[in-house]
Amino acid sequence: MRDAYHEELDSIGDGLVEMARLVGSAIGRATTAMLDADLKLAESVIEGDKKVDDLQHDLEARAIALLARQQPVATDLRIVVTSLRMSADLERSGDLAQHVAKLARLRFPERAVPQDLHATILEMGQLAQRLMAKTAEVIVTKDIDLAMQLEQDDDEMDQLHRTLFQHLMDDRWKHGIETAVDVTLLGRYYERFADHAVAVAKRVVFLVTGEHADDLQADVVPGVEGA
């Protein structure tokens, strides 16, 4: 019975990895659909989000069943509860990728992103995909150092987000209000996607150490400054 219990715990972790990989792929494909005005690809991302939702529902059901049957304590309880929270972050990431794809579909056959912002949006999409790939690796390896790096990587997304707003606020903006709204939404989608990737990585830190990532970083900083 105990072996089956730990196998079930491991399978919950496997489900989280699969969710992370699916939503990472989704944001990359949604970005391509957006920039290329590829309706077929956009539709595949939108339809594919159901698999992410189904995975989350299945993971939740198994986690709740474990809580009811096994009444885990200490580390095992932390794994189950943290996994539930991680699945919610990953499901929301899938929704954000779907939002990008839906915007591509809404503007088809036109492109929602003006040519002079293509490079920035492409970079945001690629960065979002890389962040989620790193998050999937963190879930697998439980690498605390790698998990802590994600917040620094997220600074790059924040900078790209600011770059978008600089374009929008520029007096030379000539693409109209509708496009400005589209670009504002896109920037927010990518920025929030990155935040969820970071949140999952932080939850892995808590799962492994029992301490919150922000508290660990606060402990490390004084030592760095005093070196």
_Between Phe206 and Lys202, is there a side-chain heavy-atom distance shorter than 4.5 Å?_
no
*Verify the cluster assignment for Leu77 and Ile64: are they in a single hydrophobic cluster under the rule of side-chain heavy atoms below 4.5 Å apart?*
no
*asked:* Quick one: does any side-chain atom of Arg105 pair with a main-chain N or O of Ala42 as donor and acceptor, under 3.5 Å?
replied: no
*Once the angle between the rings of His99 and Tyr189 is folded into 0 to 90°, is it parallel (under 30°), tilted (30 to 60°) or perpendicular (over 60°)?*
tilted
*asked:* Working to the nearest 0.5 angstrom, can you tell me the gap between Asp182 CG and Leu117 CG?
replied: 11.5 Å
*Under-4.0 Å salt bridge between Glu123 and Arg130*: no
*Rounded distance [0.5 Å steps], CE in Met86 versus CZ in Arg203*: 8.5 Å
*asked:* Strictly distance-based, threshold 3.5 Å: is any side-chain N or O of Asp36 a donor or acceptor partner for the main-chain N or O of Asp38?
replied: no
*Heavy-atom side-chain proximity of Asp95 to Arg92 below 4.5 angstrom*: yes
*Establish whether Leu103 and Ile177 are linked, either directly or via other cluster members, by ILVMFWY side-chain heavy-atom contacts under 4.5 Å.*
yes
*Report the C-alpha separation of Leu164 and Ile121 in whole Å, then their side-chain angles, then the decisive distance to 0.1 Å, and conclude whether the side-chain contact (heavy atoms from CB on, under 4.5 Å) test is met.*
CA-CA 9 Å; Leu164 278 185; Ile121 293 295; 4.0 Å; yes
_I'd like to know if Arg62 pairs up with Asp58 as an ion pair, taking the criterion as any Lys NZ or Arg NE/NH1/NH2 lying under 4.0 Å from an Asp or Glu carboxylate oxygen._
yes
*State, with a plain yes or no, whether a side-chain heavy atom of Val113 is found less than 4.5 Å away from one of Met34.*
yes
*Could you tell me whether the side chain of Val52 reaches within less than 4.5 Å of the side chain of Leu55, counting heavy atoms only?*
no
*Drop me the distance from Glu151's CD to Leu131's CG, to the nearest 0.5 angstrom.*
11.5 Å
*Can you find a pair of side-chain heavy atoms, one from Leu90 and one from Met132, that are under 4.5 Å apart?*
yes
*Flag the pair Arg85 / Val81 as yes when at least one side-chain heavy-atom distance between them is below 4.5 Å, and no otherwise.*
yes
_Val23 reachable from Ile27 in the ILVMFWY side-chain graph, under 4.5 Å edges_ = yes
*asked:* If you count heavy atoms of other groups shown closer than 6.0 angstrom to NZ of Lys50, is the number above 12?
replied: no
*Are Arg172 and His167 close enough that some pair of their side-chain heavy atoms sits under 4.5 Å apart?*
no
*Are Leu9 and Val200 joined in one hydrophobic group, where the rule is that I, L, V, M, F, W and Y side chains link up if heavy atoms are under 4.5 Å apart?*
yes
*Could you pull out the closest heavy-atom pair between Thr209 and Arg78, with the gap in Å?*
C-NH2, 4.3 Å
_Exercise: identify the closest heavy-atom pair between Trp173 and Pro114_ = CH2-CG, 4.2 Å
*Do Arg188 and Thr184 have side-chain N/O donor and acceptor atoms under 3.5 Å apart?*
no
*Is the backbone N or O of Asp53 less than 3.5 Å from a side-chain atom of His57, with the two atoms forming a donor-acceptor pair by type?*
yes
*Within a strict 4.5 Å, meaning less than it, do heavy atoms of the Tyr190 and Thr31 side chains meet?*
yes
_Rounded to the nearest 0.5 Å, what separates atom NZ in Lys174 from atom CG in Asp170?_
9.5 Å
*Exam field: side chain Thr179 to backbone Gly176, donor-acceptor pair closer than 3.5 Å*: no
*Heavy-atom closest pair, residues Asp89 and Ala199*: OD2-CB, 3.8 Å
*asked:* Could you measure the distance from the CG atom of Leu146 to the CD atom of Glu137? Nearest 0.5 Å is fine.
replied: 5.0 Å
*Output, in order, the C-alpha distance, side-chain angles, deciding distance and verdict of side-chain contact (heavy atoms from CB on, under 4.5 Å) for Glu211 and Val205.*
CA-CA 7 Å; Glu211 296 186 62; Val205 173; over 6 Å; no
*Check Gly28 against Gln129 and note the closest heavy-atom contact, atom names and distance.*
CA-OE1, 3.4 Å
_Please evaluate residues Ser25 and Arg21 with respect to the criterion side-chain hydrogen bond (donor to acceptor under 3.5 Å, both in side chains), reporting the C-alpha separation (whole Å), side-chain torsions for both, the decisive distance (0.1 Å), and the verdict._
CA-CA 6 Å; Ser25 172; Arg21 289 174 176 164; over 6 Å; no
*Looking only at atom types and distance, does a side-chain atom of Thr135 sit under 3.5 Å from a main-chain N or O of Ala197, one as donor and one as acceptor?*
yes
_Gap between atom CG of Leu96 and atom CG of Leu185 - 0.5 Å precision_ = 11.0 Å
*Is there a donor-acceptor contact under 3.5 Å from the side chain of Gln98 to the main chain of Asp49?*
no
*Can you see which heavy atom on Ala194 is nearest to which on Asp154, and at what distance?*
CB-OD1, 3.2 Å
*asked:* For Leu35, is there any backbone N or O sitting under 3.5 Å from a side-chain donor or acceptor partner on Arg111?
replied: yes
*Any salt bridge between Asp195 and Arg192, counting N to O under 4.0 Å?*
yes
*Going only through I, L, V, M, F, W and Y residues with side-chain contacts under 4.5 Å, is there a path from Phe165 to Val183?*
yes
*Closest heavy-atom pair and its distance - Leu41, Arg29*: CD2-O, 3.3 Å
